[in-house]
Structure formats: structure tokens, C-alpha cells
Amino acid sequence: MSGNQTDDSDYVPTGPLYWNAKAFHRSYLEMEKQFKVFVYEEGEQPIFHNGPCKSIYAMEGNFIYQMETTKLRTRDPEKAHVFFLPISVTAIVHFIYDRKSRDHWNPMKQTLTDYINLVSGKYPYWNRSIGADHFMLSCHDWGPEISKAVPELFKNSIRALCNANTSEGFKPSRDVSFPEILLPGGTMDGLLGGPSPSRRSILAFFAGGLHGPIRPILLEHWENKDNDVQVHRYLPKGVSYYGMLRNSKFCLCPSGYEVASPRMVEALYTGCVPVLIKDHYVPPFSDILNWKSFSVEVPVERIPDLKKILAGISTRQYIRLQRRGKQVRRHFEVNRTPKRYDVFHMILHSIWLRRLNIKLHGLEYL
């Protein structure tokens, strides 16, 4: 309340990329001091306590692994603020999904139901809060649907999801949006960094499959139409995807079948300003981060005006966006040994806020 800055030799959040940098800083330091998470030990790998670390669902495996070893974990459930359900939805889909079955959802949902029944029968913690102090995490597109298997999980628990779609029941005041991050080799090696704005010759870039309702509109208006707006279904042979990211000022991030996309983080990693073209999406950590300060949002109906919109951003404003993107990148970095303020800790901080029912930015969604 006094406005005095708390000492922090590592990093002090500041600037317009935060809605309230001082409040976030104090909250984060308080989380480090107090927050305790109990991880249920029931369940066997690969569906429990495991997950992918190299695909676009890499955050599932990384978070589960880091949650097992973090200093914020407690072995005493009586000291816990929240209880983590170490379930990999990606593993459920991989090992249980039967595309030949008429009712392929039932076995996957039954697996989740059985697990909740197991821990709620063995411990008193689920039943005493009806799941409100429990959380699950999923980066798979089907995470929201599979979470419906247990009504209390869907309605009461904290669901940390990449697919943060408000039209599918995502509640920003209770659920957590976190980024989908593609780690081809399992680490960030070779993914970070890019040239200065003056050395980026392409105005805007996108390459990706034609699926979902938005990308067909994007390709219809811009595929092979303009050298400044490079939109490709498939990149020409010999052209590097990451090279194109690093040579572009703006990187287009349209939704596919689902709202989540690794392109936003790929853009931030390579110093390209993300351009979000999505409906019903809650960007990661948006109660802390002011996405408008380091990205551009373009409504779907304005896709035909993309070049006009992006070219209309002054050089001065573009440099601001790009510099803020480089600053905010630390919150999206994946480290084998977690570092303060990285994506692992940002996810935990979002859960910490929701467990305390504290809002650092008053976004309301029905």
C-alpha cells in the first residue's frame, strides 16, 4: 500500500506489459513464501505422473514432472492450499482412445472418473470442498471435454487449459489459461532470439494447415497474394519456418479447430510481434499480462484489412511492441530446472490467485 518497491535481485516486474506490476510482484513473492501444493501419488505411468515433453502438448509432461520436484510441493496434505491431480489427458487419448469405437469418449471419461473416485474415497479433501481446491492441467484439445466426466471437476475445480475457450465452458475467474508451447527437441535450444526490427523484411507471416473456421478465410484473402503478407498452407521446399519467423515483423496466430496455438509463443521466442486472430479465447496469464501492450488483436471480420492494419502501426509503436515482447518472453520460457517467473511458476501463480479468490485485474466473463 505504501508503494515501496520490494527488494528482488533477480527480477522486478515493471512497465505497461503488466496490468499492475507492483501488485503482481508482491503476490508472486507471497506465493513463493507460502504456497503449498499436494500431489496425489496414486495412479501409474504413463497416464498419471507422466506426459509428453516434445510435442505441441509438451507443457503437460513438463508441468507434471516439475510439479513432482518443486519446492512448493508438500508431502503433508494438511498443509496444502491446493491438490494437484497428475493426469495427462494427452496420455489418456494416446493409450485409451479407440477411433473405431462408436462411443470413444466413454472409456476416456471413465478413466478420469475412476481416478477421482479413487482419491476422493481414500482422502477427505475432495469431498470436503467438492473439488474446489483441486486442479488439473491439460494442453490437449480434448481436455475441456474429458473434464466434463466429473461434474464437480468441470464446475468447481481449477482447470488449467491451453484450450481456454469461453464458448466451451472456460471460466477466467476460476480456470487458468496457459500457453501451448512446441518444443521439437524437448528444450528451448535454438528457439530463442532473432534480429532487430530493422532487419525484418516481411511485414506479416503465417504457415499452417487449413483447418477450423478462421484459417480458410485467412488463406482465401492472403495466400500467395502479397509479398508483404506471406501466408502459406505449405512453405516452399527449403524455406525455414523459424527463419521466416525471425525475418517477419508480425506473426499471424489464427485459431485452428481449437483456440490454442503454439504460434504465439514461437513469435515471442523469435522477437516477432504476435497477431491474435481468434474468437472466445482468453490469452495466457491475461489477468497479469496486458496482451495489448505486446501483441496485436485483429477481429476475424477484419482479416481482409490485415495489411492496412499492420502497415498502419507506426515504427515507434512497433518497436515498443517488439521490445515488450522480448521482456515478457521470460514468462513463457520452459526450463528443465524451473526459474523464477518462468512459465511453470506463472501457471502456479495463476492457480495461487484463484485459490485465494484474488483478482489483480478485473476481467469478467459470463
Side-chain angles (χ1 to χ4, degrees), residues 37-73 82-97 108-109 111-112 114-116 119 134-147 149 153 157-164 175-192 256 258-266 268-269 284-285 329-351:
V37 182
F38 181 79
V39 181
Y40 286 110
E41 296 185 353
E42 286 69 26
E44 297 180 3
Q45 294 187 13
I47 290 175
F48 307 96
H49 302 276
N50 202 352
C53 292
K54 290 186 178 182
S55 69
I56 60 171
Y57 309 127
M59 281 307 300
E60 251 183 52
N62 275 278
F63 184 87
I64 291 172
Y65 171 75
Q66 291 173 352
M67 197 64 253
E68 303 269 349
T69 57
T70 179
K71 293 179 181 178
L72 298 179
R73 179 181 182 181
V82 293
F83 298 79
F84 177 47
L85 303 162
I87 306 160
S88 171
V89 172
T90 303
I92 287 179
V93 173
H94 180 76
F95 290 100
I96 297 178
Y97 172 56
M108 295 189 290
K109 289 184 173 182
T111 300
L112 180 58
D114 290 345
Y115 187 73
I116 299 297
V119 297
H134 287 58
F135 77 97
M136 64 167 285
L137 177 138
S138 172
C139 211
H140 196 280
D141 296 347
W142 291 356
E145 181 63 30
I146 290 177
S147 72
L153 177 66
S157 300
I158 299 169
R159 298 178 305 147
L161 302 171
C162 286
N163 189 25
D175 298 326
V176 171
S177 173
F178 73 99
E180 188 172 271
I181 302 176
L182 173 61
L183 299 174
T187 70
M188 296 186 299
D189 293 349
L191 302 182
L192 302 183
E258 302 295 347
V259 293
S261 167
R263 288 173 177 79
M264 296 185 304
V265 174
E266 289 172 343
L268 293 173
Y269 278 6
F285 318 130
R329 190 183 78 188
R330 69 164 54 239
H331 299 312
F332 296 88
E333 292 180 356
V334 183
N335 300 294
R336 282 187 172 176
T337 301
K339 297 180 181 179
R340 304 182 70 223
Y341 296 101
D342 67 3
V343 68
F344 172 71
H345 287 104
M346 289 297 288
I347 295 171
L348 283 177
H349 180 260
S350 294
I351 293 164

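By the side-chain hydrogen bond (donor to acceptor under 3.5 Å, both in side chains) test, His140 is found to be paired with no residue, residues two or more places apart in sequence or in another chain being considered. Remark: Glu333 pairs with Arg329 by the salt bridge (Lys or Arg N to Asp or Glu O under 4.0 Å) rule, at least two apart or across chains. Taking the ring-ring contact (aromatic ring centres under 6.0 Å, His included) definition, one finds that Phe48 meets it with Tyr115, sequence neighbours left out. In this view, Asn62 satisfies the side-chain hydrogen bond (donor to acceptor under 3.5 Å, both in side chains) rule with no residue, not counting sequence neighbours. For Phe63, the ring-ring contact (aromatic ring centres under 6.0 Å, His included) partners are Phe84, Phe344, not counting sequence neighbours. In terms of the side-chain contact (heavy atoms from CB on, under 4.5 Å) criterion, residue partners of Asn50 (sequence neighbours excluded) are, by chain and number, Gln45, Pro46. By the side-chain contact (heavy atoms from CB on, under 4.5 Å) test, Leu191 pairs with Leu183, Pro184, Tyr242, Tyr269, sequence neighbours left out. For the side-chain hydrogen bond (donor to acceptor under 3.5 Å, both in side chains) test, no residue two or more places apart in sequence or in another chain qualifies with Gln66. Residues forming a ring-ring contact (aromatic ring centres under 6.0 Å, His included) with Phe285 (at least two apart in sequence, or on another chain): Phe332. By the side-chain contact (heavy atoms from CB on, under 4.5 Å) test, Ala91 pairs with Ile47, Ser88, Phe95, sequence neighbours left out. Scanning for side-chain hydrogen bond (donor to acceptor under 3.5 Å, both in side chains) contacts around Ser147 gives Arg159, with sequence neighbours left out.
To the nearest 0.5 Å, atoms CG (Leu112) and CD1 (Ile146) are separated by 7.5 Å. A distance of 11.5 Å separates NE2 of His349 from CZ of Arg340, quoted to the nearest 0.5 Å. Atom-to-atom distance recorded for Glu42:CD and Leu85:CG is 10.5 Å, nearest 0.5 angstrom. In this structure, OH on Tyr97 lies 7.0 Å from CE on Met108, to the nearest 0.5 angstrom. Taking CD1 from Ile56 and CD1 from Ile181, the interatomic distance works out to 12.0 Å, rounded to the nearest 0.5 Å. Put simply, CD1 on Ile92 and CH2 on Trp142 are 11.5 Å apart, with the number rounded to the nearest 0.5 Å.
Contact of the Met67 side chain with the Leu137 side chain is not registered, since no non-hydrogen atoms from C-beta on lie closer than 4.5 Å. The shortest side-chain heavy-atom distance between Pro144 and Leu161 falls under the 4.5 Å cut-off.
Judged by distance alone, with hydrogens and angles left aside, the side-chain atoms of His345 form a donor-acceptor pair with the main-chain N or O of Lys339 at under 3.5 Å. Here the side chain of His49 pairs no donor or acceptor atom with the backbone of Glu44 at under 3.5 angstrom.
Looking at every heavy atom in both residues, Ser157 comes nearest to Asp175 through O-OD1, 3.7 Å. In terms of heavy atoms, Asp141 sits closest to Glu180 at OD1-OE1, 4.4 Å. Taking each heavy atom of Pro179 and Cys162 in turn, the nearest pair found is O-SG, 3.5 Å. Across every non-hydrogen atom of Ser138 and Gly143, the tightest pair is OG-CA, 3.4 Å. Summarising the geometry of Leu72 relative to Leu348, their closest heavy-atom pair is CD1-CD1, 3.7 Å, with the distance given to 0.1 Å.
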Would you please test Asn163 and Val259 for side chain to side chain contact (heavy atoms under 4.5 Å, CB included) and show each step? CA-CA 6 Å; Asn163 189 25; Val259 293; 3.1 Å; yes
Starting from the C-alpha separation in whole Å, work towards a yes-or-no answer on side chain to side chain contact (heavy atoms under 4.5 Å, CB included) for Met59 and Ile347. CA-CA 11 Å; Met59 281 307 300; Ile347 295 171; 3.9 Å; yes
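Residue pairs satisfying the salt bridge (charged side-chain N to carboxylate O under 4.0 Å, His left out) criterion with at least one member in residues 49-71, sequence neighbours excluded, are listed as follows: Glu68-Arg73.
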